[in-house]
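One structure is given here, and the rest of the page talks about it.
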Amino acid sequence: MQPTAEVQEFLDLINSLDMPPLDEQPLETARAGYAQLCVQPGPDVASCVDIDVTGGPHGPFTVRHYRGIDTDDRPGCLVWIHGGGFVIGDLETADSTCRVLANAAGISVISVDYHLAPEHPYPAAIDDVMTALDWVVASGDELGIDASLLAVGGDSAGGNLAAVACQLARAAGHPDIAFQLLVYPAVDLAGDHESRHTNAEGYLLTNANMIWFGRQYLAGRDPATPRVSPLLAADLTRLPPAMVVTAEFDPL
């Protein structure tokens with residue numbers, strides 16, 4: 001199997017840029033390059049507003065609330081967690097995705113601008129996500145959502161954080177999460193899976209990138225703990241139903 005013509009054209013363009021490896025770039029350069037790649041216009045939504053959330057253990061952070069077009073009076077809500085290896089990405093890189101999801105599903109979407117590593121290594125990101133989930137439930141009336149219809153999702157590192165959040169919510173007994181949307185989630189940072197060899201280079205994300213991201217995020221902590229690698233949890237029962245989206249040529 002080979003990538004489709006459209007995907008191959010995109011990969012050829014990225015590879016032609018002859019950029020230095022991610023781990024050799026200054027952090028701000030890597031973040032700016034990712035933003036240049038990801039930020040693009042998205043569809044109009046009924047409303048979009050940024051809100052500061054306080055009360056988390058690592059300080060305030062911002063969420064962005066999208067309300068899709070043609071939603072119910074009190075729609076369900078998807079808390080979306082952006083990807084970027086826990087190191088890059090923000091509200092802007094996730095903006096187009098969140099707009100599409102809000103309109104296509106007829107829901108509200110809350111995008112979380114969690115604290116990034118290496119300035120804020122593990123567990124800052126997952127702590128922010130749990131703070132955001134509890135805040136959404138507590139603010140349901142103010143947000144105009146049905147907090148009993150709560151989903152959590154994310155792509156790549158965001159998929160990791162979404163899966164971890166579901167396990168932590170199960171253990172704590174709250175919040176009640178109805179669904180998880182995991183888009184090429186990085187659910188095992190400790191494993192040596194075949195995909196990390198067969199797709200190690202040439203498909204945008206490389207195995208070397210993954211190792212570098214993991215080092216920034218973990219800062220020496222154990223990657224095999226289920227709070228980092230949710231696939232390794234001893235008990236995967238009583239979790240919300242999940243849609244897991246994968247990519248064919250992907251080290252994840």
Side-chain angles (χ1 to χ4, degrees), residues 26-28 30-32 34-35 38-39 42 45-68 75-99 101-102 107-147 150-169 171-177 180-181 213 216-219 221 227-228:
L27 187 57
E28 290 309 312
R31 288 172 174 165
Y34 185 69
C38 295
V39 174
V45 291
S47 62
C48 175
V49 60
D50 288 356
I51 306 170
D52 291 330
V53 175
T54 60
H58 308 283
F61 58 91
T62 304
V63 300
R64 181 169 293 174
H65 180 204
Y66 304 83
R67 193 177 185 94
C77 180
L78 168 66
V79 174
W80 183 256
I81 311 162
H82 69 77
F86 314 98
V87 175
I88 57 181
D90 55 22
L91 294 177
E92 301 305 327
T93 62
D95 183 73
S96 179
T97 296
C98 291
R99 289 171 178 272
L101 288 169
I107 57 171
S108 282
V109 174
I110 303 286
S111 182
V112 182
D113 198 18
Y114 55 89
H115 287 89
L116 297 175
E119 300 94 330
H120 301 276
Y122 169 86
I126 188 58
D127 287 346
D128 286 350
V129 170
M130 299 309 295
T131 298
L133 286 167
D134 287 337
W135 173 84
V136 168
V137 172
S139 307
D141 290 342
E142 180 182 351
L143 295 169
I145 64 169
D146 183 349
L150 176 66
V152 62
D155 61 316
S156 193
N160 169 290
L161 294 168
V164 172
C166 289
Q167 294 185 11
L168 295 179
H174 68 86
D176 187 10
I177 300 173
Q180 48 184 325
L181 173 59
F213 281 132
Q216 308 307 305
Y217 179 51
L218 293 172
R221 295 173 174 85
R227 282 177 61 106
V228 171

Is [X] reaching over with its side chain to a backbone N or O of [Y], donor-acceptor style, under 3.5 angstrom?
X	Y	answer
Arg31	Val87	yes
Arg221	Tyr122	yes
Asn160	Val228	yes
Asp146	Gly76	no
Thr93	Asp90	yes

Do Thr62 and Asp113 get their side chains close enough for a donor-acceptor pair, meaning under 3.5 Å?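 There is no such pair (donor and acceptor under 3.5 Å, judged by atom type) between the side chains of Thr62 and Asp113.
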Checking side-chain polar atoms at under 3.5 Å, does His82 have a donor or acceptor matched by the opposite partner on Ser111?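 His82 vs Ser111: no donor-acceptor pair found between side chains.
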If the threshold is 4.0 Å, N to carboxylate O, is there a salt bridge linking Asp127 and Arg227?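 Between Arg227 and Asp127 there is a salt bridge, with a charged N closer than 4.0 Å to a carboxylate O.
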To the nearest 0.5 Å, how far apart are [atom1] in [X] and [atom2] in [Y]?
X	Y	atom1	atom2	answer
Ile107	Ile145	CD1	CD1	10.0 Å
Leu218	Phe86	CG	CZ	7.5 Å
Asp95	Cys48	CG	SG	6.0 Å
Ile81	Asp155	CD1	CG	10.0 Å
Gln167	Ile126	CD	CD1	9.5 Å
Gln216	Leu116	CD	CG	11.5 Å

Taking all atoms of both residues into account, what is the closest heavy-atom pair of [X] and [Y], and its distance?
X	Y	value
Pro75	Arg67	CD-NH2, 3.1 Å
Asp128	Phe61	O-CZ, 3.4 Å
Ala169	Ile177	CB-CD1, 3.9 Å
Arg99	Val45	NH1-CG2, 3.7 Å
Val152	Cys166	CG1-SG, 3.5 Å
Leu143	Ile51	CD2-CD1, 3.9 Å

Got a sec: does the CG of Asp50 have more than 12 other heavy atoms crowding it under 6.0 Å?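 Counting other residues, nucleotides and ligands, CG of Asp50 exceeds 12 neighbours.
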